[in-house]
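Report on the structure given below.
Both ligands and their constituent atoms are indexed starting at 1 by order of listing.
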Amino acid sequence: MSDCLFCKIIAGEIPSTKVYEDELVLAFRDIAPQAPTHILVIPKEHIASVAEINEKNSAVVSHIFEVIAKIAKDEKLDGGYRVVSNCGDDAGQTVHHLHFHILGGKKLNVEMA
Ligand code: AMP
Ligand code: ZN
């Protein structure tokens, strides 16, 4: 996806503060952090959102959650953290490449909506 911001970050065309990378996923710090620790974890394959996950591409999602658990340990989010994926306009998704926010480092607001 040549016009996708996160595909450009994966390709190294736009800089990011990398936290973790392997052959399937990339994790980097959010440019506008909403918490002391705010990291985005994305598949290297372009998947537009949670709505596009299917039986052919879902393996990367379980891998992403393994990576999230590792990052949370590395970042010492011992008090807990939140994992969020905004899907579609009603949820406020602004970048249409699947991503999971890791938010932590403070007591987070409990409101979900
Ligand atoms: P969402 O609103 O769920 O689609 O999340 C998109 C996230 O991407 C927002 O939290 C933005 O702050 C973040 N973001 C946008 N551009 C960049 C960038 N160049 N580097 C890192 N994070 C970004
Ligand atoms: Zn993309």
Check: [Y] and [X] side chains under 4.5 Å, non-hydrogen atoms:
X   : Y   : result
H97 : I9  : no
L98 : F6  : no
E66 : I68 : no

Check ligand 1 against [X] and write out every atom of the ligand that is under 4.0 Å from a heavy-atom position of the residue.
X   : answer
R29 : 21 (C)
Q93 : 4 (O)
H99 : 1 (P), 3 (O), 4 (O), 5 (O), 6 (C)
A32 : 12 (O)
L40 : 8 (O), 13 (C), 22 (N)

Requested in this report: State, to 0.1 Å, how close T37 and R29 come at their nearest heavy-atom pair, and which atoms those are.
Outcome: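 Minimum heavy-atom contact is CG2-NH1, 4.4 Å.
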Report task. Of all N, O or S atoms in H97, identify the one at the shortest distance from the Zn ion (ligand 2). Result ->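 Going through the N, O and S atoms of H97 one by one, ND1 ends up nearest to the Zn ion (ligand 2).
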**Report entry** Any residue meeting ring-ring contact (aromatic ring centres under 6.0 Å, His included) with H101, in chain and number order, not counting sequence neighbours
**Finding:**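 Applying ring-ring contact (aromatic ring centres under 6.0 Å, His included) to H101 gives H38, H99.
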Query raised in the report: ring-ring contact (aromatic ring centres under 6.0 Å, His included) with Y20: which residues, sequence neighbours excluded?
Result: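 ring-ring contact (aromatic ring centres under 6.0 Å, His included) check on Y20 returns nothing, list empty.
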Report task. Check whether I102 and F100 end up in the same hydrophobic cluster, where Ile, Leu, Val, Met, Phe, Trp and Tyr are linked by side-chain heavy atoms less than 4.5 Å apart. Result ->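 Per the 4.5 Å side-chain linkage, I102 and F100 are co-clustered.
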Requested in this report: Decide if atom CG of D90 counts as having more than 12 heavy atoms of other residues, nucleotides or ligands within a radius under 6.0 Å.
Outcome: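 No, because the 6.0 Å sphere around CG of D90 holds 12 heavy atoms or fewer from other groups.
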Query raised in the report: Looking only at heavy atoms, is any part of F6 under 4.0 Å from ligand 1, and if so is it the side chain, the backbone, or both, or is it neither?
Result: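 Under 4.0 Å from ligand 1, F6 contributes side-chain atoms alone.
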**Report entry** Nearest option to atom 7 (C) of ligand 1, as decided by whichever heavy atom of L5, D30, L98, I31 sits closest
**Finding:**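 Considering heavy atoms of L5, D30, L98, I31, the nearest to atom 7 (C) of ligand 1 sits in D30.
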Report task. Measure the CG-NZ distance between D3 and K8 for me, rounded to the nearest 0.5 Å. Result ->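 D3 CG to K8 NZ: 6.5 Å, rounded to 0.5 Å.
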**Report entry** Any H101 heavy atom less than 4.0 Å from ligand 1
**Finding:**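 Contact present.
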Requested in this report: Please state whether G92 comes within less than 4.0 angstrom of ligand 1, counting heavy atoms only.
Outcome: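 Within the 4.0 Å threshold, so yes.
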Query raised in the report: Closest non-hydrogen protein atom to atom 2 (O) of ligand 1, residue and atom name please, with distance?
Result: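 Looking at atom 2 (O) of ligand 1, the protein heavy atom closest to it is T94 OG1, 3.0 Å.
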Query - Vertex the Zn ion (ligand 2), arms to H46 ND1 and C7 SG, rounded to 10° - result: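 That angle works out to 110° after rounding to 10°.
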Query raised in the report: Just distances here: any N/O of H38 and N/O of ligand 1 closer than 3.5 Å?
Result: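 For ligand 1, there is no N or O atom that lies under 3.5 Å from one belonging to H38.
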